Visitor: 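Before I ask anything, here is the structure I am working with.
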Amino acid sequence: MEALVSIITPTYNSEKFIAETIRSVQSQSYSYWEMIIVDDCSSDQTESIVRNYMNDDSRISFHQLQKNSGAGVARNQAVDLAKGRFIAFLDSDDLWKPEKLQKQIDFLSSSNSPFSFSFYECVDEEGVSMNLRVEAPIKLHYWQLFFCNFVGNLTGMYDTHFFGKIPISSIRKRQDWMVWLTVLKKIRSAQVIPESLAFYRVRKDSISSSKLKLIQHNFRVYRLFHRLNVFVSLCCLAGFLFAQLVIKPRYIKKLKPST
């Protein structure tokens, strides 16, 4: 019997993108999934768009937070509702390739691993390819993840039979990194699926588009998640900046434009 995959999708004012995101899930060659969409008090047409898809596909569910609380709270509620053995994440503006889930399920089975992730490609706000592929070390170790989040959240999947349900922090940013740190802290290293299985949408208003803006959020992770003192956290930030400026660019590959 196939194992159910629970897809965790927080959303906020995503009327421009959510339909395409849902369709990318419906196009999966692996069909035994549930998509749990938790809305963070959107003020646009996100809800009506999602409910239109729900009417035709019982695998999709929609839930709303009572007040705007951030993606971490939305993700955590979705995880609480999840019924699947496997937990996967997909934000409401990102996309999966049709074979994404099947290849990850096959990898988990063949490698006897409780966690998988892959490369991914970047598209712009209109969904046009930026001809960039974000890769990762073939074998990713905890200490590498400690200084640089090599796990694209839209590609990560873990096995609840091994980890249980991993709680997600309510802090506004970097909760995804904390999830993967929890995973790698337990298994110490993981092998990436060395191909692109998803599309990450680079938004003009995205905080992750500016590494400098991430500094304060990374500092909170080192202080609150790792429980390091101020001095050690500042030293870790220096390591983070080095990784972002020197190491991470080596894993961003320029692709030839499609003709």
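All residue numbers in this chain count up from 1 along the given sequence. None of the values given here were measured: they were computed from a predicted structure.
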Visitor: Give a yes or no on whether the backbone of A82 and the side-chain of K165 come within a donor-acceptor separation of less than 3.5 Å.
Guide: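 Present.
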Visitor: Kindly say whether the aromatic ring centers of F150 and Y251 come within a distance under 6.0 Å.
Guide: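 Between Y251 and F150, which both carry aromatic rings, the centre distance is below 6.0 Å.
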Visitor: With ring centroids as reference points, do W177 and Y222 lie under 6.0 angstrom apart?
Guide: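 W177 vs Y222: aromatic centres under 6.0 Å.
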Visitor: I'd like to know if D40 and R75 make a salt bridge, using a cut-off of under 4.0 Å between side-chain N and carboxylate O.
Guide: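 Salt bridge absent between D40 and R75.
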Visitor: S110 side chain to F107 main-chain N or O, any donor-acceptor pair under 3.5 Å?
Guide: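 A pair under 3.5 Å: yes.
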Visitor: Working to the nearest 0.5 angstrom, can you tell me the gap between T21 OG1 and I7 CD1?
Guide: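 The CD1 atom of I7 is 11.0 Å from OG1 of T21, to the nearest 0.5 Å.
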Visitor: Does a side-chain heavy-atom distance below 4.5 Å link V25 with W33?
Guide: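 A side-chain contact under 4.5 Å exists here.
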Visitor: Flag the pair K16 and E126 as a salt bridge only when some basic side-chain nitrogen lies within less than 4.0 angstrom of an acidic carboxylate oxygen.
Guide: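 A salt bridge is present here (some side-chain N lies under 4.0 Å from a carboxylate O).
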Visitor: Any chance you could lay out the side chain to side chain donor-acceptor pair (under 3.5 Å) test for S196 and E121, step after step, and finish with the verdict?
Guide: CA-CA 6 Å; S196 171; E121 295 170 38; 3.1 Å; yes
Visitor: Any chance you could measure F219, atom CZ, to L224, atom CG, to the nearest 0.5 Å?
Guide: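 So the CZ of F219 and the CG of L224 are separated by 9.0 Å.
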Visitor: Indicate if L132 and L255 have the same hydrophobic cluster label, given that clusters are the connected sets of ILVMFWY residues with side-chain heavy-atom separations under 4.5 angstrom.
Guide: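 No, L132 and L255 fall in different hydrophobic clusters.
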Visitor: Report, as yes or no, whether the 6.0 Å neighbourhood of atom CZ on R188 holds more than 12 heavy atoms from other residues, nucleotides or ligands.
Guide: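 More than 12 heavy atoms, drawn from other residues, nucleotides or ligands, come within 6.0 Å of this atom.
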Visitor: Kindly indicate whether a cation-pi arrangement holds for K186 with F162, taking the cut-offs as under 6.0 Å to the six-membered ring centre and within 45° of the axis.
Guide: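 Ring-cation test returns yes.
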Visitor: Just by distance, do the side chain of N153 and the backbone of D176 share a donor-acceptor pair under 3.5 Å?
Guide: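 Not at all, since once roles are kept as given, no pair shorter than 3.5 Å links the two residues.
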Visitor: Does some side-chain heavy atom of R51 sit less than 4.5 Å from a side-chain heavy atom of F62?
Guide: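 SC-SC contact between F62 and R51 confirmed.
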Visitor: I'd like to know whether V38 forms a side-chain contact (heavy atoms from CB on, under 4.5 Å) with T11, so could you lay out the CA-CA distance, the side-chain angles of the two residues, the decisive distance to 0.1 Å, and finally the verdict.
Guide: CA-CA 6 Å; V38 176; T11 183; over 6 Å; no
Visitor: Side chains of E15 and T46 only: does a donor on one sit below 3.5 Å from an acceptor on the other?
Guide: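 Result is no, nothing qualifies.
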Visitor: Under the criterion side-chain contact (heavy atoms from CB on, under 4.5 Å), I'd like the reasoning laid out for I187 against F115: C-alpha separation, chi angles, the key distance, then a yes or no.
Guide: CA-CA 9 Å; I187 62 175; F115 167 65; 4.1 Å; yes
Visitor: Does L90 form a side-chain contact (heavy atoms from CB on, under 4.5 Å) with I8? I'd like the steps, not just the answer.
Guide: CA-CA 6 Å; L90 179 64; I8 307 304; over 6 Å; no
Visitor: Please confirm whether the ring centroid of F146 lies under 6.0 Å from the ring centroid of H141.
Guide: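 No, they do not, as the ring centres are separated by 6.0 Å or more.
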Visitor: For T9 and D91, work out which heavy atoms get closest and say how close.
Guide: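 Looking at all heavy atoms of both residues, the shortest contact is CG2-C, 4.1 Å.
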Visitor: With a 3.5 Å distance limit and no angle check, can you tell me whether S27 reaches the backbone of R23 through a side-chain donor-acceptor pair?
Guide: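 Answer holds: yes.
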Visitor: Does atom CZ of R85 have more than 12 heavy-atom neighbours from other groups under 6.0 Å away?
Guide: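 Yes, the 6.0 Å shell around CZ holds more than 12 heavy atoms from other groups.
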Visitor: Just by distance, do the side chain of E34 and the backbone of K83 share a donor-acceptor pair under 3.5 Å?
Guide: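 Yes, the answer is positive, given that a donor and an acceptor are paired below the 3.5 Å cut-off.
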Visitor: Are L145 and L140 close enough that some pair of their side-chain heavy atoms sits under 4.5 Å apart?
Guide: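 SC-SC contact between L145 and L140 confirmed.
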Visitor: Hydrophobic cluster membership, with links at side-chain heavy-atom distances under 4.5 Å among I/L/V/M/F/W/Y: are F17 and V202 in one?
Guide: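 No, F17 does not connect to V202 through the hydrophobic network.
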Visitor: With a 4.5 Å heavy-atom cut-off, do P114 and Y158 have their side chains touching?
Guide: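 Answer no - side chains too far apart.
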Visitor: Can you find a heavy atom in the side chain of D94 that is under 4.5 Å from one in the side chain of Y120?
Guide: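 No. Closest side-chain heavy atoms not under 4.5 Å.
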Visitor: So, S69 side chain and K67 main chain: donor-acceptor pair closer than 3.5 Å or not?
Guide: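 Looks like yes, one N/O pair under 3.5 Å.
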Visitor: Report the distance from atom CD of E195 to atom CD of E135, rounding to the nearest 0.5 Å.
Guide: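 Between atom CD of E195 and atom CD of E135 there are 11.5 Å.
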Visitor: Please examine the side chains of Q26 and I60, heavy atoms only from C-beta on, and report whether any two atoms are closer than 4.5 Å.
Guide: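 Sidechains of Q26 and I60: in contact.
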Visitor: I want to know whether F242 and F240 have ring centres closer than 6.0 Å.
Guide: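 Ring-ring flag for F242/F240: false, centres at least 6.0 Å apart.
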Visitor: Looking at K185, I want to see if its NZ is surrounded by more than 12 non-hydrogen atoms of other residues, nucleotides or ligands under 6.0 Å.
Guide: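 Open: at most 12 neighbouring heavy atoms sit under 6.0 Å from NZ of K185.
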Visitor: Would one find more than 12 heavy atoms of other residues, nucleotides or ligands at under 6.0 Å from atom CD of Q102?
Guide: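 Buried by this count: over 12 neighbours within 6.0 Å.
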Visitor: Name the residue from Q244, R174, R223 that meets the side chain to side chain donor-acceptor pair (under 3.5 Å) definition with N218.
Guide: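 Only match with N218 under side chain to side chain donor-acceptor pair (under 3.5 Å): R174.
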Visitor: Nearest heavy-atom pair of V246 and R250: which atoms, and what distance?
Guide: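 Of all heavy-atom pairs spanning V246 and R250, the closest is O-NE, 3.4 Å.
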Visitor: Taking all non-hydrogen atoms of both residues into account, name the closest pair between R201 and D124 and its distance.
Guide: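 Closest approach of R201 to D124: CG-O, 3.3 Å.
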Visitor: If I take atom OG from residue S6 and atom CZ from residue R59, how far apart are they, to the nearest 0.5 angstrom?
Guide: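 Separation between the atoms: 13.0 Å.
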Visitor: Should side-chain heavy atoms under 4.5 Å link Ile, Leu, Val, Met, Phe, Trp and Tyr, which residues sit in the same cluster as W143?
Guide: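 Besides W143, the cluster holds no residue at all.
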Visitor: At their closest point, which heavy atom of A190 faces which heavy atom of L184, and how far apart are they?
Guide: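 Where A190 meets L184 most closely, the heavy atoms are N-CD1, 3.8 Å.
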Visitor: Show your reasoning for whether side chain to side chain donor-acceptor pair (under 3.5 Å) applies to S42 and D39.
Guide: CA-CA 6 Å; S42 293; D39 183 71; 2.5 Å; yes
Visitor: Between the main-chain N or O of W96 and the side-chain N or O of S24, is there a donor-acceptor pair closer than 3.5 Å?
Guide: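 Checked: pair present.
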Visitor: Please step through side-chain contact (heavy atoms from CB on, under 4.5 Å) for the pair L197 and T155, ending with a clear verdict.
Guide: CA-CA 7 Å; L197 296 179; T155 75; 5.8 Å; no
Visitor: Is the side chain of Q45 donor-acceptor paired with the backbone N or O of N13 at a distance under 3.5 Å, no angle test?
Guide: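 It does not hold such a pair.
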Visitor: Count I, L, V, M, F, W, Y as connected when their side-chain heavy atoms are under 4.5 Å apart, and connections chain through other members. Are F119 and V123 then in the same cluster?
Guide: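 Each belongs to a different hydrophobic cluster.
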Visitor: Heavy atoms only: give me the nearest A71-P10 pair and the separation to one decimal.
Guide: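 Nearest pair, atom of A71 first, then P10: O-CB, 4.1 Å.
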Visitor: Determine whether M157 and F199 fall in the same hydrophobic cluster, where Ile, Leu, Val, Met, Phe, Trp and Tyr are linked whenever their side-chain heavy atoms lie under 4.5 Å apart.
Guide: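 Different hydrophobic clusters.
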Visitor: Within the 4.5 Å heavy-atom criterion, are D159 and L108 side-chain neighbours or not?
Guide: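 Counting from C-beta outward, D159 and L108 never come under 4.5 Å.
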Visitor: Checking side chain to side chain donor-acceptor pair (under 3.5 Å) for the pair Q104/S116: CA distance, chi angles, key distance, verdict?
Guide: CA-CA 6 Å; Q104 286 194 280; S116 72; 2.8 Å; yes
Visitor: Pick one: which of W180, Y200, F117 meets ring pair (Phe, Tyr, Trp, His ring centres under 6.0 Å) with F89?
Guide: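 Checked W180, Y200, F117 against F89; only one passes ring pair (Phe, Tyr, Trp, His ring centres under 6.0 Å): W180.
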Visitor: Test of understanding: with side-chain contact (heavy atoms from CB on, under 4.5 Å), list the residues that count as partners of L81, not counting sequence neighbours.
Guide: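 For L81, the residues satisfying side-chain contact (heavy atoms from CB on, under 4.5 Å) (neighbours in sequence not counted) are I36, H63, Q77.
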Visitor: Please name the pair of heavy atoms, one in N149 and one in K248, separated by the smallest distance, quoted to 0.1 Å.
Guide: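 Reported closest heavy-atom pair: O-NZ, 3.6 Å.
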Visitor: Quick check: do R220 and I215 have side-chain heavy atoms less than 4.5 Å from each other?
Guide: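 In short, these two side chains do not touch, never coming nearer than 4.5 Å.
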Visitor: Flag yes if Y142 and V151 sit in one hydrophobic cluster, no otherwise; membership is Ile, Leu, Val, Met, Phe, Trp, Tyr, and two members link when side-chain heavy atoms are under 4.5 Å apart.
Guide: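 Y142 and V151: one cluster.
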Visitor: Can you measure from CD1 (I49) to CD (E20) and round to the nearest 0.5 angstrom?
Guide: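 It comes to 12.0 Å.
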Visitor: Give, for atom SG of C122 and atom CG of N131, the distance between the pair rounded to the nearest 0.5 Å.
Guide: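 Interatomic distance, C122 SG to N131 CG, rounded to 0.5 Å: 10.5 Å.
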